[in-house]
Amino acid sequence: MTVLSLSSRPLASLRPSRPSPPLHRLLCSKPLASSSSASAFFLTPPTPRSDPTSTTDSDPTPLFLRPATYPVPAAALAAFRRRASALVPPSAPHLHRHLRWLLADASSSSPSPSSSDDEPALLRAPLGDLEAMWERHVRDRRPFQYVVGNEHWRDMVVAVREGVLIPRPETEGVVDMVRGVEGFEDGWWADLGTGSGAIAVAVARELGPEGKVLAVDVSEVAVQVARLNVQRYGVQDKVEIRHGSWFEPLEDVKGKLMGVISNPPYIPTDDLPGLQPEVGWHEPKLALDGGKDGLEHLLHLCEGLSSVLKPGGFFVFETNGNKQSEFLVDLISTKWSSSFHNVEAALDFADIKRFVTGYRR
């Protein structure tokens, strides 16, 4: 992956933060109802590509990290705004906000009071590339996070790209749960299915001198993106990225981990066609499909936990909600009662039982 302008400074310090787009909460939702005026945009899936990680924008570097080297006349930029706005259907007014964010990410800086209306703007991508990116967002329902290459998560700006699950705000809660574990700062943690590395980086920033996170993912694209985020936040000494499936890369730390964190695939296979187009058409099935009942990977995690956690070790898994969480609490409390205690379901900010937590005996 090409990485430009690497710095150990947190990305959030480089520009103002913005509210998270509503896509975050669409993972378990049904598709949006389409109005007749938007049917041309919202009812036809995009043509599948042979390479699911490729995009019309060939540079995988997040948009706002690219150098601003493309001068664009003010009139041409204004014309682009008009064309882009004209593509927004009445049923999706939020896209006007996305257009503002796209231009903010693409611009080197906000215009100064002394700027002339005729002064060219410096952009981080050619105007034609921005037009193609915008059309894919509106017409193909490509998630905005993939368009600009980042997502605002906790106090960070996390790089993402197609082929990697977009982190949701619900998942932010696991970091607070880790912080609540006594002595967590100096322990070794595993983030299984790390994806973008958002959890691993956030936890690493809270750790003390002896603490460490092993970030594991089977996807090569995820490993690339996680490595970028680790570099961006300067936590290379705290996060070790390992390529592999679940517990397989952890043979050398069996019985030594203070904690295991995972946001695994948990959507039942039959529910995948009903996901929002932004999710079902574009986000990786590998990170969504939890098998027939959504529990395939969660059960595998439960079965392997006792082999890697040290006595007193903590675990937290994200689930699909109340039903899955309650099932897993009952299962772990009975089948593995000799290995775990204080197993319970924890609420997310919407008062849904989103997480299962517990401790190794």
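Bear in mind the structure is a predicted one, so any value in this text is a computation, not a measurement. Position 1 is the first residue of the sequence; numbering continues from there.
- Side-chain atoms of K212 never come within 3.5 Å of backbone atoms of A190 as a donor-acceptor pair (strictly under, hydrogens ignored).
- Scanning all heavy atoms of the two residues, the minimum distance from N229 to V158 falls at ND2-CG1, 3.4 Å.
- Summarising the geometry of A200 relative to A215, their closest heavy-atom pair is CB-CB, 3.9 Å, with the distance given to 0.1 Å.
- The same ILVMFWY cluster, assembled from side-chain heavy atoms under 4.5 Å apart, contains both W134 and L77.
- Looking only at atom types and distance, the side chain of T194 has no donor-acceptor partner in the side chain of D217 under 3.5 Å away.
- Between E170 and R354 there is no salt bridge, since no side-chain N of the basic residue sits under 4.0 Å from a carboxylate O of the acidic one.
- Under the 4.5 Å side-chain contact rule for hydrophobic residues, L347 and V181 do not share a cluster.
- For Y266 and F317, the gap between ring centers reaches or exceeds 6.0 Å.
- Environment of CH2 in W246: crowded, with over 12 heavy atoms of neighbouring residues, nucleotides or ligands closer than 6.0 Å.
- Under the 4.5 Å side-chain criterion, counting only non-hydrogen atoms from C-beta, I332 is in contact with V356.
- Minimum heavy-atom separation, V175 to A202: CG2-CB, 3.8 Å.
- Note: F340 and F315 have perpendicular aromatic rings, judged against thresholds of 30 and 60 degrees for the angle between ring planes.
- Atom OG of S196 sits about 11.0 Å away from atom CG of N150, to the nearest 0.5 Å.
- Counting heavy atoms from C-beta on, the side chains of P265 and L288 never come closer than 4.5 Å.
- Salt-bridge annotation for R168 and D348: absent, with no side-chain N of the basic residue lying under 4.0 Å from a carboxylate O of the acidic one.
- Here the side chains of L102 and F144 are in contact, with some heavy-atom distance below 4.5 Å.
- Inter-residue side-chain proximity for E185 and E206 is flagged as unmet; no heavy-atom pair is nearer than 4.5 Å.
- One finds the NZ atom of K335 at 5.0 Å from the CD atom of E303 (value rounded to the nearest 0.5 Å).
- Atom CG of L257 is separated from atom CZ of F314 by 13.5 Å, given to the nearest 0.5 angstrom.
- Across P62, P167, P143, a single residue satisfies side chain to side chain contact (heavy atoms under 4.5 Å, CB included) together with V160, and that is P167.
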* To do: Mind running side-chain contact (heavy atoms from CB on, under 4.5 Å) on R242 and D252 for me, showing each step along the way?
  => CA-CA 12 Å; R242 298 187 176 188; D252 59 322; 2.7 Å; yes

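- Taking CG of D191 as the start and CD1 of I199 as the end, the distance is 5.0 Å to the nearest 0.5 Å.
- Interatomic distance, K323 NZ to L295 CG, rounded to the nearest 0.5 Å: 9.0 Å.
- Look at R154 and D176 and you find a salt bridge, because one of the NZ, NE, NH1 or NH2 atoms lies within 4.0 Å of a carboxylate O, short of that distance.
- Applying salt bridge (Lys or Arg N to Asp or Glu O under 4.0 Å) to R142 and the options E283, E278, E162 leaves one that passes, E162.
- For R81, the CZ atom is loosely surrounded, since the number of other residues' heavy atoms within 6.0 Å does not exceed 12.
- Cluster membership for V218 and V164, using ILVMFWY side-chain heavy atoms within less than 4.5 angstrom, is not shared.
- Taken together through direct or relayed side-chain contacts under 4.5 Å among Ile, Leu, Val, Met, Phe, Trp and Tyr, W153 and M177 form part of one hydrophobic cluster.
- Between S339 and L305, every side-chain heavy-atom pair lies at or beyond the 4.5 Å cut-off.
- Nearest heavy atom pair, residue S107 against residue L103, reads OG-O, 2.6 Å.
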* Yes or no on side-chain contact (heavy atoms from CB on, under 4.5 Å) for T269 and K292, after CA distance, side-chain angles and deciding distance? -> CA-CA 5 Å; T269 302; K292 183 178 180 181; 5.6 Å; no

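- By the 4.5 Å heavy-atom criterion applied to side chains, V308 and F247 are counted as neighbours.
- Taking the side chain as every heavy atom from C-beta outward, L331 and C302 never approach each other to under 4.5 Å.
- The side-chain heavy atoms of W188 and M258, taken from C-beta on, include no pair separated by under 4.5 Å.
- Put simply, the residue from E326, Q324, E344 that forms a side chain to side chain donor-acceptor pair (under 3.5 Å) with K353 is E326.
- Across all their heavy atoms, H282 and P277 have their closest contact at CD2-O, 3.8 Å.
- Note: R205 CZ to Y233 OH = 6.0 Å, rounded to the nearest 0.5 Å.
- By the 30° and 60° cut-offs, the orientation of the rings of W189 relative to F184 is perpendicular.
- Nearest heavy-atom pair across S325 and A345 is CB-CB, 4.0 Å.
- Proximity of a side-chain donor or acceptor of R66 to a complementary backbone N or O of T61 within less than 3.5 Å is detected.
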* When you look at D129 and D59, which way does the side-chain contact (heavy atoms from CB on, under 4.5 Å) test go after all the steps? -> CA-CA 10 Å; D129 285 3; D59 188 347; over 6 Å; no

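- Hydrophobic clustering of Ile, Leu, Val, Met, Phe, Trp and Tyr side chains at less than 4.5 Å, counting indirect connections, keeps L286 apart from Y146.
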* **side-chain contact (heavy atoms from CB on, under 4.5 Å) assessment of V157 paired with R232** => CA-CA 10 Å; V157 182; R232 284 294 311 169; over 6 Å; no

